[in-house]
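Written below as structure tokens is the structure these notes are about.
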Amino acid sequence: MKYLFLFLLCLGFGTVARAQLVDQYGEPLVQFSGMVLDGTTSQLQPVPYATVLIKDDGRGTYANLEGFFSIVAHKGDTILFSALGYEDAEFVIDPELEDDKYSLVQLMTYNSIDLPEAVVFPWPSRDHFKLEFLAMDVTPELQSRASENLSADKLERLQETVPRSGAENSSYYLRQQARQTYYIGQKPPMNIFSPVAWKQFFDGWKRGDFKRKDD
């Protein structure tokens with residue numbers, strides 16, 4: 001309700017005596033202002049950046065972040081209010097309006113559309129995929145490219161450069177947390193007394209894992 005109170009307060013300060021507004025053809029104009037609020041619930045939250053369009057005229061504006069808008073229109077114009085996720089609303093300015101100002105609080109109703117589930121398959125069935133796979137013409141060029149991509153050197157380089165996925169990072173973090181929880185309150189064992197760790201060390205020494213990269 002605070003937005004409605006602020007809007008009415010602003011209208012009170014903005015009420016001044018002025019001459020009748022007319023367009024270039026002498027037709028009387030109306031300073032049409034107001035607020036666009038979400039009327040789905042009783043909280044009356046503003047609908048930011050709602051579109052305010054004068055039908056059959058091609059002119060319009062949009063509400064600001066607080067839902068306030070102001071536009072010059074003619075008496076008898078139909079104003080169309082629209083916003084993403086809300087049903088469109090229309091308001092007709094009274095043709096017999098005596099004042100050159102009109103204020104409105106337009107309530108919008110939330111409109112939710114549940115789309116049906118869409119499942120995309122590359123082939124209609126597993127049997128169709130099998131037929132297409134067996135009928136695929138694998139040229140020698142494709143075979144050599146596949147062998148190169150599946151080589152041990154290529155896979156090792158990809159393992160070093162490709163970042164871990166979210167599932168891998170989550171699994172690594174959870175394993176670290178489980179290890180810390182397992183040895184909580186005591187010192188973790190030292191691998192210096194583990195024969196398996198010593199074997200891995202000597203195997204890596206023979207492979208040259210500890211050599212300097214610039215040698």
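Being a predicted model, the structure only gives us computed values, none of them experimental. One is the number of the first residue; the rest follow in order along the sequence.
No side-chain donor from either of D127 and S125 sits under 3.5 Å from a side-chain acceptor of the other.
Ion pairing of D203 with K199 is present here, as a side-chain N (NZ or NE/NH1/NH2) and a carboxylate O approach within less than 4.0 Å.
Between F201 and W205, the ring planes are tilted. Angles from 30° to 60° get that label.
Among all heavy-atom pairs drawn from H74 and P28, the shortest one is CD2-O, 3.8 Å. Of all the heavy atoms in A89 and Q106, the pair that sits closest is CB-NE2, 3.4 Å. The two residues P46 and G67 come nearest to each other via the heavy atoms CB-N, 4.0 Å. Considering all non-hydrogen atoms of both residues, D88 and S82 come closest at OD1-CB, 3.2 Å.
Enclosure of atom CG in D56 is not indicated, since only 12 or fewer non-hydrogen atoms of other residues, nucleotides or ligands lie within 6.0 angstrom. The environment of E168 atom CD is dense: over 12 non-hydrogen atoms of other residues, nucleotides or ligands sit within 6.0 angstrom.
Side chain of T181 to main chain of Q177: a donor-acceptor pair is present (N/O by atom type, distance under 3.5 Å, no hydrogens or angles). Although no hydrogens or angles enter the test, the distance criterion places no donor-acceptor pair under 3.5 Å between the side chain of K154 and the main chain of E148. Side chain of S144 to backbone of P140: a donor-acceptor contact under 3.5 angstrom is found. Between the side chain of R59 and the main chain of I71, no donor-acceptor pair closer than 3.5 Å is present.
The closest side-chain heavy-atom distance from Q31 to S70 is below 4.5 Å. Between L37 and M108, the closest side-chain pair of non-hydrogen atoms is not below 4.5 Å. L80 has its side chain out of reach of T51: every pair of non-hydrogen atoms, C-beta onward, lies at least 4.5 Å apart. Counting only heavy atoms from C-beta outward, the side chains of F91 and Y102 approach each other to under 4.5 Å. Annotation: side chain of I54 is in contact with side chain of I79 (closest heavy-atom distance under 4.5 Å).
Atom-to-atom distance recorded for L155:CG and L150:CG is 6.0 Å, nearest 0.5 angstrom. Considering CG of N169 and CG of L174, their distance stands at 10.5 Å, rounded to 0.5 Å. Rounding to the nearest 0.5 Å gives a distance of 10.5 Å between CZ of F32 and CG of L97.
Both F81 and Y86 belong to a common hydrophobic cluster when Ile, Leu, Val, Met, Phe, Trp and Tyr are linked at side-chain heavy-atom distances under 4.5 angstrom. Residues F69 and V30 share a hydrophobic cluster, clusters being chains of Ile/Leu/Val/Met/Phe/Trp/Tyr side chains in contact below 4.5 Å. Tracing side-chain contacts under 4.5 Å through hydrophobic residues (I, L, V, M, F, W, Y), one reaches L142 starting from M136; they form part of the same cluster.
In this structure, L65 belongs to a hydrophobic cluster whose other members, linked by side-chain heavy atoms under 4.5 Å apart, are Y49, Y62.
Scored by the salt bridge (charged side-chain N to carboxylate O under 4.0 Å, His left out) test, K55 finds E90 as partners (sequence neighbours excluded).
Just one of V36, D38, L44 meets the side chain to side chain contact (heavy atoms under 4.5 Å, CB included) condition when paired with L107; it is L44.
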